[in-house]
Amino acid sequence: MPQPTETGHDLPPVPGSPDEPTRIPLAIEDWLTVIVMALLALITFANVIARYFTSQSFAWTEEFSIFLMIVLAMVAGSAAVARNANIRIEFFADSGSPARQRALARFGALMVFVLFALMAVLSGRTLYDDIRFGETSPGIGVPQWWYTVWLPVLSVAIAGRALGLFFRRGRQP
Amino acid sequence: MIATLLFVAFLAMLLLGVPIGAALGLAGAACIALANLDTQWYGLLAVPQNFYAGLGKYPLLAIPMFVLVGSIFDRSGVALRLVNFAIAIVGRGPGMLPLVAIAVAMFLGGISGSGPANAAAVGAVMIAAMSRAGYPASYSASVVGAAAATDILIPPSVAFIVYSVLVPGASVPALFAAGMIPGVLAGIALMVPAVWMARRHGMGKAEADLPRPPFWRSLRDASWGLIAPVLILGGMRAGWFTPTEAAVVAVFYGLFVGMVIHRTIQVRDLFTILRESGELSAVILLVVSLAGIFAYSLSTLGVIDPVTKAIVNSGLGEYGVLALLILMLVTVGMFLDGVSIFLIFVPLLLPIVQYYKWDPVWFGVILTLKVALGQFTPPLAVNLMVSCRIAGVPMESTVRWVGWMLASMAFVMVLVIAFPSLATWLPRVLGY
Amino acid sequence: QSNYKAEYKMSLVLGPPTPWGMSGKIWADLVKERTQGRINIKLYPGVSLIQGDQTREFSALRQGVIDMAVGSTINWSPQIKELNLFSLPFLTPDYAGLDALTQGDVGKKIFAAVDKAGAMPLAWSENGFRELTNSKKAIRTPVDLKGMKIRVVGSPLFSDTFTALGANPTQMSWADAQPALASGAVDGQENPMYLYTMLKMHTVGQKYITTWGYMADPLIYVVNKDVWNSWTPADREIVKQAAIDAGKQGIALSRKGLVEADKPLMKEAAANGATVVNLTAAEREAFVKATRPVYAKWKNTIGADLVNAAEKAIAGSRK
Ligand code: NA
Ligand code: NA
């Protein structure tokens with residue numbers, strides 16, 4: 001991850017460079033990311049093969065693949081928050097005095113925390129609705145909450161990673 | 001009033017370095033709450049609904065898959081063999097290596113869907129070879145960064161997928177077909193100044209006497225790479241697979257070539273490949289989904305109609321408006337990445353497109369050309385960032401070289417504006 | 001009346017000039033006129049309020065993300081299982097049967113289910129009988145459908161029906177379907193005839209039409225309950241009556257070109273080069289028979305009482 005240089009300027013992340021230490025290991029998100037990416041590729045590939053040889057495709061794959069993609073966005077997104085690798089304008093935030101850079105980095109992390117804390121609460125309400133009204137999924141007709149339950153869970157994870165970054169940037173000399 | 005807050009809050013957060021997705025989501029959520037004080041939960045249940053619905057689109061699945069394709073082909077050893085084959089064709093001498101770099105980047109553009117992945121693949125092979133031949137590192141980084149920008153024009157393209165999701169009238173296959181000719185023209189447009197600068201400054205003399213690779217052998221070595229775009233583009237055209245499926249077929253093809261044929265990918269590399277492409281995709285997808293919240297706010301606040309009216313009644317005329325839009329986007333593009341530009345501006349610009357009855361596919365190609373230019377316009381230039389890192393030079397050092405290439409590719413944009421059929425002819429012939 | 005909103009958001013899948021879009025537009029216009037502008041409604045076609053996700057429209061309406069909607073029974077069936085009734089294969093053979101459902105006792109039961117699911121139902125309109133088209137060959141028997149890749153709207157009941165007929169159903173939005181049909185990745189689709197004409201489906205190779213009328217989706221006018229309760233009783237009455245009036249016009253529009261003796265819509269399709277197959281009673285029976293197990297399976301999910309009442313109402317309409 002970005003090595004602070006003498007000017008305090010963050011260089012773009014170099015692949016293979018070590019991560020800043022985090023209390024909760026990033027390996028959790030990394031392994032989930034790898035598994036989800038592999039599943040996405042395998043399911044879609046199996047579908048192509050099945051259709052080619054049997055002219056049938058699995059009806060459940062589209063709905064499940066979309067769900068996996070949402071999980072990917074949030075799980076790998078959580079790691080990206082911890083690594084501060086999300087797309088942002090670095091022009092002003094990564095220049096100026098180290099104190100200013102640190103303050104802006106903490107502000108950014110705090111905003112991510114606020115958004116995903118909000119998302120956790122609101123998607124919790126959506127989950128409650130899905131259970132209360134017995135909603136089923138449009139594709140294969142399974143209970144919708146099987147999917148929605150992961151939204152608040154993963155939102156909490158992202159909010160937690162943002163908070164972690166906020167404290168880490170606060171501890172920086 | 002609330003609309004002003006939407007833009008001011010968003011811009012302020014953006015400039016302070018808040019991640020773009022978070023700035024979009026928070027500004028959108030704040031405005032939804034203010035506009036719906038009487039509604040249950042202040043109307044904020046629109047936030048998770050739009051977050052989920054913004055992501056829950058099957059065509060978007062092509063994004064992580066094409067990012068994965070780029071990551072795999074980056075390591076598959078295909079680029080190196082394509083370079084050898086290209087040298088076997090054009091020979092050595094001043095100006096030949098930049099020509100090869102651009103041609104190979106265009107060819108890889110037919111496999112990969114994003115510029116930075118292309119810059120990494122071509123840069124890894126070409127930048128070292130070019131310094132051995134006596135090209136300055138800043139020049140090589142400029143050529144590779146610019147050449148990789150043709151990737152999002154030449155199908156497949158992540159930019160077109162995002163545009164298509166935003167514009168119901170523009171399908172992925174139509175956009176892919178429409179990008180083909182402008183993409184090739186852009187590549188040719190880059191070759192002219194690149195070769196001219198090399199000759200003028202006498203670069204690349206050091207390798208003129210190196211042996212030329214044997215033609216047939218390099219053709220055989222390169223054949224695995226040469227087949228890939230045929231498989232991907234041909235398979236989509238023949239109706240064998242959708243863009244997403246084409247990406248997945250390319251993933252397994254690339255793994256086969258990298259692991260079995262060229263043996264440049266080990267089993268343990270798979271973890272890194274999947275993790276890195278997963279995270280890069282997530283970064284894009286999160287902006288896509290959080291932009292959905294911003295878009296909901298934008299469309300319900302009723303700001304788009306008056307802004308559209310003001311613009312079309314400004315007396316600038318059709319081409320004046322288009323010029324103004326491009327000027328604005330070029331400015332914005334200095335700081336924002338391409339996908340974010342699409343997500344923020346396409347909903348705003350679509351009513352203008354409809355007012356002037358512009359072809360949405362053609363407009364998508366123009367926007368993508370502009371984004372491609374932005375990918376190698378400092379200070380925010382994702383492709384240059386990658387190629388400069390490989391070359392070990394600061395981005396400022398590329399300024400003296402990229403200017404001519406930017407101008408040359410901008411000329412292609414003017415051509416496509418003046419002659420829309422450069423974009424619309426191929427999709428029409430193919431029946432999309 | 002301080003808690004009236006300046007503008008209310010109406011969600012629609014298709015905008016004007018489709019019968020669906022007109023059903024919404026006429027409603028909005030009537031409401032504005034009859035309330036002297038107290039209630040202003042803006043149309044959001046393409047379900048743009050939730051990024052085009054048709055199957056979450058009803059949830060969003062219940063949660064106040066959408067104020068009102070004219071929605072299809074197909075799209076809202078994930079939230080209201082009773083709405084699957086109308087998607088039962090070959091439930092009703094004609095408009096008389098459909099009217100007997102929506103305008104009678106069954107319609108009231110359905111409205112009770114919509115109410116229980118959290119929204120205020122007001123009136124009915126119609127999207128119409130859905131006919132089968134494809135690019136490969138004229139379909140007269142279930143055997144002709146075998147192995148054909150057919151695009152259907154997202155619902156497990158549709159997948160079951162087409163699987164039972166030996167076809168290969170694939171769920172996708174129309175935005176994806178169009179290029180898929182053009183490139184031949186998908187062979188066919190099912191939609192009301194007015195859409196075949198309006199979307200110029202003959203240009204994406206859909207040359208064969210089979211008018212089997214296997215189902216018709218009605219449209220329901222609903223309002224979010226908080227919004228409904230915020231209005232004065234007089235305004236509620238106006239909104240409801242406007243929905244009923246607009247629905248009548250919408251139904252007439254959706255049947256236009258199909259109820260006249262010479263069926264101008266079918267003629268137009270034929271003039272564009274389409275081969276139209278009108279199934280004989282015996283041919284249709286083969287499709288009915290092949291889908292009976294699906295019908296039986298879903299009868300339990302929907303509620304046997306409701307389906308029995310529907311069968312009775314349809315039988316009554318045939319006297
Ligand atoms: Na490409
Ligand atoms: Na589209």
Side-chain angles (χ1 to χ4, degrees), chain A residues 40 43-74 115 118-152 155, chain C residues 50 53-65 72 74-84 87 113-119 136 145-163 166-173 176 185-187 297-298 301-302:
Chain A
L40 275 173
I43 291 171
T44 313
F45 193 62
N47 218 4
V48 178
I49 300 290
R51 198 179 63 230
Y52 191 80
F53 288 106
T54 68
S55 92
Q56 289 289 322
S57 52
F58 319 120
W60 54 271
T61 52
E62 182 159 328
E63 184 170 295
F64 190 64
S65 295
I66 288 174
F67 165 69
L68 280 181
M69 180 171 65
I70 293 171
V71 170
L72 172 76
M74 299 189 76
L115 178 64
L118 181 72
M119 188 77 76
V121 174
L122 295 170
S123 57
R125 161 65 200 267
T126 308
L127 169 66
Y128 171 62
D129 268 13
D130 285 353
I131 296 172
R132 190 162 54 129
F133 291 102
E135 294 200 9
T136 51
S137 76
I140 48 183
V142 297
Q144 181 66 31
W145 70 262
W146 291 7
Y147 299 125
T148 8
V149 70
W150 298 103
L151 218 54
S155 296
Chain C
I50 37 162
D53 193 343
Q54 305 177 17
T55 56
R56 296 176 78 83
E57 188 183 44
F58 190 84
S59 312
L61 180 118
R62 183 177 55 219
Q63 296 176 342
V65 177
S72 158
I74 301 171
N75 291 335
W76 294 353
S77 59
Q79 288 81 31
I80 311 162
K81 64 178 184 352
E82 289 85 352
L83 294 186
N84 280 305
S87 307
V114 173
D115 190 307
K116 189 161 163 268
K136 288 266 174 73
L145 246 177
K146 190 150 180 54
M148 244 187 224
K149 197 164 181 193
I150 307 290
R151 176 262 175 180
V152 295
V153 281
S155 160
L157 172 45
F158 283 78
S159 298
D160 285 357
T161 299
F162 280 85
T163 306
N168 181 8
T170 173
Q171 296 174 358
M172 55 174 82
S173 71
D176 302 332
V186 167
D187 303 314
K297 175 188 160 193
W298 279 84
T301 311
I302 295 163

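Since this is a predicted model, take the numbers as computed values, not measurements. Residue numbers begin at 1 in each chain, while the letters A, B, ... track the order of the sequences.
Contact between A/P138 and C/P156 at its shortest, heavy atoms only, is O-CD, 3.1 Å. The shortest non-hydrogen separation linking A/T126 to C/R56 is CG2-NH2, 4.3 Å. The two residues C/K116 and A/F133 come nearest to each other via the heavy atoms O-CE2, 3.8 Å.
Separation of atoms CG (C/N84) and OG1 (A/T136) is listed at 7.5 Å; rounding is to 0.5 Å. Residue C/T55 holds its OG1 atom at 8.5 Å from CD of A/E63, rounded to the nearest 0.5 Å.
For C/Q79, the parts lying under 4.5 angstrom from a heavy atom of chain A are both the backbone and the side chain.
In this view, A/S65 satisfies the side chain to side chain donor-acceptor pair (under 3.5 Å) rule with no residue, not counting sequence neighbours. Residues satisfying the salt bridge (Lys or Arg N to Asp or Glu O under 4.0 Å) criterion with A/D130, sequence neighbours excluded, are absent altogether.
In A/W145, the CH2 atom is not crowded: 12 or fewer heavy atoms of neighbouring residues, nucleotides or ligands sit closer than 6.0 Å.
Residues A/E135 and C/S59 have side chains in contact (heavy-atom distance under 4.5 Å, counting atoms from C-beta outward).
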